[in-house]
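One structure is given here, and the rest of the page talks about it.
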Amino acid sequence: MPVESNAPSVPSDKDAILSAPRDDGANVLLTANSYDDPERGRHGAIIEETSAFRSDIELFYDLHTLAWNADEGHTLDARDDAVAGDVSYASSRVPEITLENRFDEPGSTGTLTQRVVASVDTCGLLIRTDAEFETVAERTFYTVADLGIHGHDHEDPNAVQEAFVTERDGAELVVATDGDRWLAIAQDRHGKRGFDGRRIGHTGVSTGPERSAWADVYEGNDGFVADAERAEGNLDVGVGLYVGETDTASWLTGVGFGYGEDVAVEHALRLLDRGYAAERESFATAWEEWHETVSDGPTDDPVADDLYERSLTAMKCAQDGCCGVIAGAFKPSDMTYKFIWPRDQVIITQALIAAGAEHEARLALRWFDENQITGDVVDDRGIDRHGTWWQNYYVTGEPHWRALQLDQVGGPIYAHWLVWRETGDDDLLETHYDMSKRAAEFLLSYDNGYGFPEKHQDPWEEIWGHSTEGTAAAIAGLRAMGELADARDEDSFAEECRERAAVWADNVETYCFKPTPYGDALVTADSPETPSDPPADARPDAASFMAVWPWNVVEPEGDAVTATLAATDDEAWVAGDTPCLGRYPGDRYTPTGTVEDGGWPLCEAYADVARWLGGTDPDAVADHVFEDAHEWTTTAGLLPERVDGSGDVRWNSNLQWSQATYLLLVENHVRDEAFGLAPGGRAD
């Protein structure tokens, strides 16, 4: 049975993600979203933003299921008319998604339940829908999908696409393409594979011959679809299924993807031929087999182990075929989180290797190597970027944002060192050695002449200055390089790296430990060029706790850390009714763009490790693992980027950095030591 959660849902967030763990199904990524949005009257759950072949481009945005009741004359949409909707996983190890929507309307009081899996060996999705109502009525069900197959210009919502209705082997299908990638949609009820009405419309057009399928089916609300079987432009599609006088109905929807019409059609029909039970069984088997290769939940506490395994499953789902892990499968604007950030991937790699996901950690290292800047490239600040990484990337490896962050230079060296240390594989040392050396050589060249790195962007991507966390990551990277160079008998280079790291470490508090309105604290950045309120050199910052762990640059029991931890009690920095720390006091990166009460689970994780290691609160990690984090999850049990003051999900669900920090805190607790602590000032 699906695992249920009582956690509330949030508008425009993603409560669950789904992919297969291997083969063709690993190319598919689907999200599901449960709404609780009184302003727009949305309380249901739907499938959203599905991609294939590359996870930063959707092939369709929303998949709506609608129910027409001829006796009552109403059309109910799962998202907009359900009185409640839930999203759940089959288990922590098998991310089959169940969406359940409950209606309370005359003649249509009942439940619409959908279960969905990605096929393992076929690039496609299979959805089983079961409708059950309290009364018999004449009914037609509709599927409406807003197409997103804009492959040639993935940031242009008006890019041209084509869709048409076709017939193959006695089945009707809707096929859509951008000229490169294709999708095909078919349905089956008791062997019937035709459509009772089909419309390909233009998204956003409410009247006339080009009106959208949504306008025709939902806004028209007459139980009929004016057939339109081919169109080009910005499109949606709608198809009908007439089921007659009944109080129950079940059917399958198959969605096939491919580089070609015939392949996409073949995939959709193959899934219908196999049926849901067979596809579900192979999906579950593949996931269980994958979980046998990694760690089980290690705590003997079923609730904590469940969240540990869910977090690991989510990270596996988010690893694109290119080997990188997208930051999150959600898109508040311009696909913002469907990119690969080297910074996020460093911590995800730390978590993967901690959980025994060695294959996935090796793939992540390969991504770092393949996407490092190795040419003579100067950025818009005049910085020679040879040996560094761009700020983030499309999954193709094309750079997107291009600012310099030192945690995205020192971090990959650290990740290389950590995976090599954990595996003991000297081939891994050799394979990525040149990558790490190039990054270290950049860091050595980036000294400001006064014993500190030059300015760079802070980890929150807001401030240009001498950031506390970025500097600590650079120090950790040079120390890790010292370990790698020692193993290669490059003694002089190892010593050069350690000496520069030592000088920078000696000056961290001089630059970054400052008076603030909340007491003396490690701040976001010294000498910030970017204005902020409060100023970045006068506000404590949760990222500074990364200087304790994993970067191992400041002592957890030292005055700077102790003073910064004392500031975490201030109500301006911590959520009011749950122990979850924000990024910094006065943070305006929220859904409203204004300061809100709340916190970031990953920030609380780093603070809790600092409390634990320094003895300020020896139970901080255990409390986080067994109590606090469980308040902050989505309906399907995944962790978000941000929670509100009460601990409810507020912003950007299933953030992989959040999943990674939870998993790592579990490992810290079980091992009774901080996993992945970077090398100290001397060779270990």
Side-chain angles (χ1 to χ4, degrees), residues 3 5 7 89 91-93 95 287 290-318 325 344-358 360-361 364 415 418-419 422 542 545-546 548-550 556 578-581 599-614 617-634 636-641 643 647 653-678:
V3 177
S5 168
Y89 280 139
S91 72
S92 60
R93 296 160 66 102
W287 271 106
W290 181 78
H291 272 280
E292 291 299 318
T293 70
V294 298
S295 297
D296 294 327
T299 68
D300 294 327
D301 180 280
V303 177
D305 286 352
D306 183 272
L307 185 50
Y308 177 102
E309 291 176 352
R310 282 171 194 268
S311 298
L312 188 53
T313 299
M315 287 188 284
K316 177 65 174 175
C317 285
V325 181
D344 294 46
Q345 179 140 299
V346 166
I347 306 305
I348 291 165
T349 304
Q350 180 191 4
L352 289 170
I353 198 65
E358 181 179 323
E360 287 69 27
L418 180 63
V419 178
E422 290 298 304
F545 295 121
M546 294 181 70
V548 176
W549 172 79
T578 188
C580 194
L581 195 65
W600 289 43
L602 69 90
C603 292
E604 181 64 22
Y606 289 115
D608 282 339
V609 174
R611 295 178 179 113
W612 172 63
L613 288 175
D617 182 357
D619 297 323
V621 167
D623 289 345
H624 186 114
V625 166
F626 296 110
E627 297 179 20
D628 303 335
H630 304 282
E631 299 180 10
W632 307 329
T633 61
T634 70
L638 298 182
L639 286 159
E641 186 171 64
V643 299
S653 301
N654 70 75
L655 183 74
Q656 300 314 312
W657 194 353
S658 294
Q659 319 306 329
T661 53
Y662 180 79
L663 190 152
L664 285 163
L665 261 65
V666 170
E667 292 291 337
N668 288 352
H669 173 76
V670 171
R671 297 165 188 248
D672 198 28
E673 62 180 8
F675 176 82
L677 204 60

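A pairwise comparison of heavy atoms in A314 and Q659 identifies CB-CG, 4.3 Å as the closest pair. The two residues P95 and C317 come nearest to each other via the heavy atoms CG-SG, 4.2 Å. When every heavy atom of A629 is checked against every heavy atom of L639, the shortest pair comes out as O-CD2, 3.7 Å. Scanning all heavy atoms of the two residues, the minimum distance from V294 to G356 falls at CG1-O, 4.0 Å. The shortest non-hydrogen separation linking L664 to A354 is CD2-CB, 3.9 Å. Contact detail for C603 and A542: the closest heavy-atom pair is CB-CB, 3.6 Å.
Distance CD/E631 to OG1/T633: 9.5 Å, rounded to 0.5 Å. Summarising the geometry, atom OG belonging to S92 is positioned 8.5 Å from atom CG belonging to D305; distances are rounded to the nearest 0.5 Å. Interatomic distance, I347 CD1 to L352 CG, rounded to the nearest 0.5 Å: 11.5 Å. Rounding to the nearest 0.5 Å gives a distance of 8.5 Å between OG of S311 and CD of Q656. Between atom OG1 of residue T634 and atom OH of residue Y89 there is a gap of 7.5 Å, rounded to the nearest 0.5 Å. Taken to the nearest 0.5 Å, the CH2 atom of W612 stands 12.5 Å off from the NE2 atom of H624.
Judged by distance alone, with hydrogens and angles left aside, the side-chain atoms of H630 form a donor-acceptor pair with the main-chain N or O of V625 at under 3.5 Å. Looking at E604, its side chain never comes within 3.5 Å of a backbone N or O of W600 through a donor-acceptor pair.
Contact check for V666 versus L307: no side-chain heavy atoms found under the 4.5 Å cut-off. Within the 4.5 Å cutoff, the side chain of M315 has heavy atoms near those of the L663 side chain. Side-chain atoms of V609 and V621, non-hydrogen and from C-beta on, do get closer than 4.5 Å to each other. R93 is listed as a side-chain neighbour of D296, based on a closest heavy-atom distance under 4.5 Å. Residues V643 and P601 have side chains in contact (heavy-atom distance under 4.5 Å, counting atoms from C-beta outward). Annotation: side chain of E667 is in contact with side chain of P298 (closest heavy-atom distance under 4.5 Å). Between V670 and T299, the closest side-chain pair of non-hydrogen atoms falls below 4.5 Å. No side-chain heavy atom of W549 sits less than 4.5 Å from a side-chain heavy atom of D608.
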For side chain to side chain contact (heavy atoms under 4.5 Å, CB included), just list the numbers for E673 and N668, CA-CA rounded to whole Å, side-chain angles, deciding distance to a tenth of an Å, and then say yes or no.
CA-CA 5 Å; E673 62 180 8; N668 288 352; over 6 Å; no
Walk me through it: do F675 and Q350 pass the test side chain to side chain contact (heavy atoms under 4.5 Å, CB included)?
CA-CA 9 Å; F675 176 82; Q350 180 191 4; 4.2 Å; yes
Could you walk me through whether V419 and T349 pass the side chain to side chain contact (heavy atoms under 4.5 Å, CB included) test, one step at a time?
CA-CA 8 Å; V419 178; T349 304; 3.7 Å; yes
One pair to check against side chain to side chain contact (heavy atoms under 4.5 Å, CB included): Y308 and D301. What are the steps and the verdict?
CA-CA 10 Å; Y308 177 102; D301 180 280; over 6 Å; no
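Ring geometry for W657 versus Y606: interplanar angle over 60°, hence perpendicular rather than tilted (30 to 60°). Ring geometry, H291 versus W287: the interplanar angle falls from 30° to 60°, so the pair is classed tilted.
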